[in-house]
Peer 1: 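Supplied in structure tokens, the structure appears directly below.
Every heavy atom of this structure was used, including side-chain atoms; hydrogens, water molecules and symmetry mates were not. Lettering of chains follows the sequences in order, A, B, ..., and the numbering in each one begins at 1.
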Amino acid sequence: MELAKDDFAVTHKNEAIIHKTIKKVGEDIDTLKMNTAIAQLMTMVNEFYANGCTKGDLEYLCMLLSPFAPHIAEEMWEQLGFAAKHGKMAMQMPWPQFDEAKTVDAEREMAVQVNGKLRSTIIVPADADEETVCSSSRPSSSRTRSST
Amino acid sequence: MRYDFAAIEKKWQDRWEVSKPYAAITGDPRPKFYGLIEFPYPSGAGLHVGHPRPFTAIDIVTRKKRMEGYNVLFPIGFDAFGLPTENYAIKNHIHPAIVTKQNIENFTRQLKMLGYGFDWDRVVDTTDPTYYKWTQWIFLQMFKNGLAYKTTMPINWCPSCKVGLANEEVVEGVCERCGTPVVRKEKSQWMLRITKYADRLIDDLDDLDYIERVKVQQKNWIGRSTGCEVTFKTNTPDEITVFTTRADTLFGVTYMVISPEHPLLKKWQDRIANWDEVAAYQEAAARKSDFERGELNKDKTGVKLEGIEVINPATQEVVPMFVSDYVLMGYGTGIVMGVPGHDQRDWEFATKFGLPIIEVVSGGDITKEAFVSKDENAVMVNSGFLNGMTVKEAIPAMKAYAVEQGWGREKVNFKLRDWVFTRQRYWGEPIPLVNCEKCGWVPIPESELPLVLPQVESYEPTDDGESPLSKMTDWVNTTCPCCGGPAKRETDTMPNWAGSCWYFLRYMDPHNDSAPVSHEAEDYWGPVDWYNGGMEHTTLHLLYSRFWHKFLYDIGVVHTKEPYAKRTSHGMILGRNPHYVGPRSRCPSPSATSSTPTTSSRPTAPTRCACISCSSATSRRPPPGPTRPSRAPSASWTAAGT
Ligand SMILES: [Zn+2]
Ligand SMILES: [Zn+2]
């Protein structure tokens, strides 16, 4: 919580995982698959650590965590200032909505192989066509990461 | 950051206690959502691991529903009549109401510690007279509508608990609660005519969102089969009737078997040449439990009724009749026809007694064993006009012939029995009826409800198995509300399952003192949207409460035919053995059950009770009929007993 930036906006990089998690947790609760819902929340938190996060990101975490762990969710909610901001407990907030389009990863990591050997990995937009992928795999691409 | 859960959880629980974010508001314009869990039996031991699992699941569901804008009802209460409390009271000479109050306080504290989103202003307690007033009221409506009747019948009797048990409470021949082998005992009992609702309890399942396993188990338990009732003439003035789903095999009938309890035997006493032998056999059978006579009955016994002859209506041939304890009075008509060519049990019986075995369905070798194939395309032989037909064709053909000849009619049969609705115990709802010599059984005026439990000296049942209330002469002796003459109160109490038959309705309107639930509240909240609980309650609580609800629908108390729109059930968290019997000493004694080990189809527990009876018992199956799913008591309600 201390790591969160004091910003009420959602981090762009976390948008996909947040929307994916809203969708997954909602569906899992409706089918009593509580274990996979929790697993999804953990995945989201791990991404927050990796990407960095804002209070805006944690706002979603509090709401999604509320049905499972209401005490800690309310405590975080209050300490992050959302209780004051909304004048409500997390459990009284509307259940977050997800945007199907945003549940798809914005970017995807791809392996670049030359003659069957892994040369590097590249990050490309998830909806990139073949041509875009090929051009970014060339060494000139600024987004190429060395595999070694 | 350190998370001081003890302080933080307490802080929020205290806030919720005051701000009541879980309050359900009857009539609120938001859409309603009613989530339900099986209310606990408040045992002295407090919550155990079996409780939080189903509670937490629906807690999560309802929390999300609230956030989705629903007006949520997620209530809690206590199913508090039951034997452990009573036994504790007996031992420690404390009134069970005091024990119950303490246990409920402990449960409440523990449940609040877990932070569940219950609406604590709607708590119900089945032992509270303001609650059981309405349990008694519903029973009285059933009585007035002919659904409650008193009859003397052999019941399942637990000699250890000194209590009669419903079929559903006998697991593999032993008392579900204490593991003692169940015996048969003649007892005057109140019964509820659940069988009158058998068809609806099956048919109405179709529209419900229940997990398939629950539907299948309920259907098997009710056990509806369409068959044919066939009348046989005898060499006495009496005709006898049997029920069969296989009228096509009538040409293969070579003997008949009558249940030892059948009243015709007594009537035929003078005609039966070997009466002494028959009477001795009857006596021996009376000492066995239904389970021993059915499931464990490997060695077929019986006595031929010398002097009695039966005429097979299909062949006009004379066949002998036997008395045998594998035929139970409770199923069908208490008489069965023996078709040894095509029923393995009959084959063994016929072989033992040297009776003819006739093949009427071709395809097997009946000199070696019965041919019991379910193949509907097998061809009929040795069967007169049925010869050459397939089984599928022969069943309706024989039925039609029997109907035309006037000795048969189509008949639907059920395995479900009426529900034994009395217990000879103290800690239950008193049955609000009095017995008058002139007027018979008369309900007490509704204005006198609740009929509260009187204070007694001892909570123990009498040794002859009567309720401790029977010793309370001042309470028992009363006046008849009908004629004003002397009358006696019923001293039996209701079984533990009574209070849970309608508790979900009371949650909708828990403080109503003029009705079990107001139309307004029931219209708004009914039916329960999602009911989550244990698989083991499928044939007990779930069936019983559907029955009560259907009756309440019929008399206009509720507006839906079914109480629960959706049912999910989880398996059990098993303890040290699936009987949940506790100490080894309370396991069934080896002498009481067959020593022949049979295949167990029970769920496997991490460790099984080592006693021989437990390892030799099988899943309980009422004879005859399809296998019932095996059951073992749950963590949560087993301890409640009756
Ligand atoms: Zn018992
Ligand atoms: Zn009278």
Side-chain angles (χ1 to χ4, degrees), chain A residues 1-4 21-41 45 48-49 53 55 58-84 86-98, chain B residues 1-23 30-31 33 35 37 52-72 74 112-118 209 211 529-533 566-571:
Chain A
M1 233 159 61
E2 293 87 341
L3 299 174
T21 304
I22 295 171
K23 184 180 182 198
K24 176 79 176 142
V25 168
E27 288 168 355
D28 283 351
I29 289 176
D30 291 342
T31 49
L32 301 185
K33 290 182 194 142
M34 308 311 178
N35 52 341
T36 52
I38 298 287
Q40 180 64 35
L41 285 169
V45 170
F48 285 0
Y49 275 114
C53 69
K55 283 189 176 178
L58 293 182
E59 183 175 10
Y60 280 97
L61 175 64
C62 291
M63 289 189 286
L64 294 173
L65 191 62
S66 167
F68 302 92
H71 305 91
I72 195 168
E74 296 304 341
E75 186 66 20
M76 283 168 61
W77 183 258
E78 191 174 63
Q79 290 195 21
L80 286 164
F82 292 112
H86 296 287
K88 282 177 180 177
M89 288 187 282
M91 68 166 80
Q92 292 167 319
M93 294 298 290
W95 185 250
Q97 300 294 305
F98 64 89
Chain B
M1 174 189 143
R2 201 179 144 265
Y3 180 62
D4 181 0
F5 65 89
I8 290 171
E9 291 186 356
K10 181 80 175 43
K11 164 186 156 185
W12 288 102
Q13 285 156 16
D14 289 349
R15 285 206 198 169
W16 298 334
E17 189 84 34
V18 176
S19 70
K20 296 185 194 290
Y22 310 119
R30 286 171 294 167
F33 183 85
I37 44 119
R53 179 179 166 185
F55 294 7
T56 304
I58 296 296
D59 188 53
I60 293 169
V61 168
T62 50
R63 284 174 181 279
K64 172 165 164 273
K65 287 284 178 190
R66 267 188 218 102
M67 293 175 77
E68 287 175 332
Y70 287 85
N71 177 28
V72 165
F74 183 43
K112 286 186 175 175
M113 277 173 70
L114 286 167
Y116 288 126
F118 294 130
D209 182 11
I211 59 166
D529 293 286
W530 192 339
Y531 192 14
N532 185 44
K566 174 175 179 150
R567 168 77 181 186
T568 45
S569 300
H570 52 81

Peer 1: Side chain from CB out, backbone as N, CA, C, O: work out which of these in M91(A) comes under 4.5 Å of a heavy atom of chain B, or both, or neither.
Peer 2: both
Peer 1: Of all of K65(B), K64(B), R66(B), which one pairs up most often with chain A through heavy atoms under 4.5 Å apart?
Peer 2: K64(B)
Peer 1: Which bit of T62(B) is near chain A, if near means a heavy-atom gap under 4.5 Å: side chain, backbone, both or neither?
Peer 2: neither
Peer 1: Parallel, tilted or perpendicular: which one describes the rings of H86(A) and F82(A), with boundaries at 30° and 60°?
Peer 2: parallel
Peer 1: Give, as side chain, backbone, both or neither, the part of M63(A) having an atom under 4.5 angstrom from any heavy atom of chain B.
Peer 2: both
Peer 1: Need one label for T568(B): side chain, backbone, both or neither, based on atoms under 4.5 Å from any heavy atom in chain A.
Peer 2: side chain
Peer 1: Is R15(B) paired with E74(A) through a side-chain N to carboxylate O contact shorter than 4.0 Å?
Peer 2: no
Peer 1: For W95(A), does its backbone N or O pair with a side-chain atom of Q97(A) as donor and acceptor, under 3.5 Å?
Peer 2: yes
Peer 1: Identify which of Q13(B), R63(B), M67(B), K11(B) forms the greatest number of heavy-atom pairs closer than 4.5 Å to chain A.
Peer 2: M67(B)
Peer 1: Between Y22(B) and chain A, with a heavy-atom cut-off of 4.5 Å, which part of the residue counts as in contact: side chain, backbone, both or neither?
Peer 2: side chain
Peer 1: Counting only pairs under 3.5 Å, give me each side-chain donor-acceptor contact of residues 22-29 of chain A, with atom names and distances, residues two or more places apart or in other chains.
Peer 2:
from: K23(A); atom 1: NZ; to: E100(A); atom 2: OE2; distance (Å): 3.0
from: K24(A); atom 1: NZ; to: D28(A); atom 2: OD1; distance (Å): 3.3
from: K24(A); atom 1: NZ; to: D28(A); atom 2: OD2; distance (Å): 3.3
from: D28(A); atom 1: OD2; to: T36(A); atom 2: OG1; distance (Å): 2.8
from: D28(A); atom 1: OD2; to: A37(A); atom 2: N; distance (Å): 3.2

Peer 1: Quick one: side-chain contact (heavy atoms from CB on, under 4.5 Å) partners of D14(B), sequence neighbours excluded?
Peer 2: K10(B)
Peer 1: Measure distances from L64(A) to the heavy atoms of chain B and classify the residue's part below 4.5 Å as side chain, backbone, both or neither.
Peer 2: neither
Peer 1: Considering residues, nucleotides and ligands other than K112(B), do more than 12 of their heavy atoms fall under 6.0 Å from its NZ?
Peer 2: yes
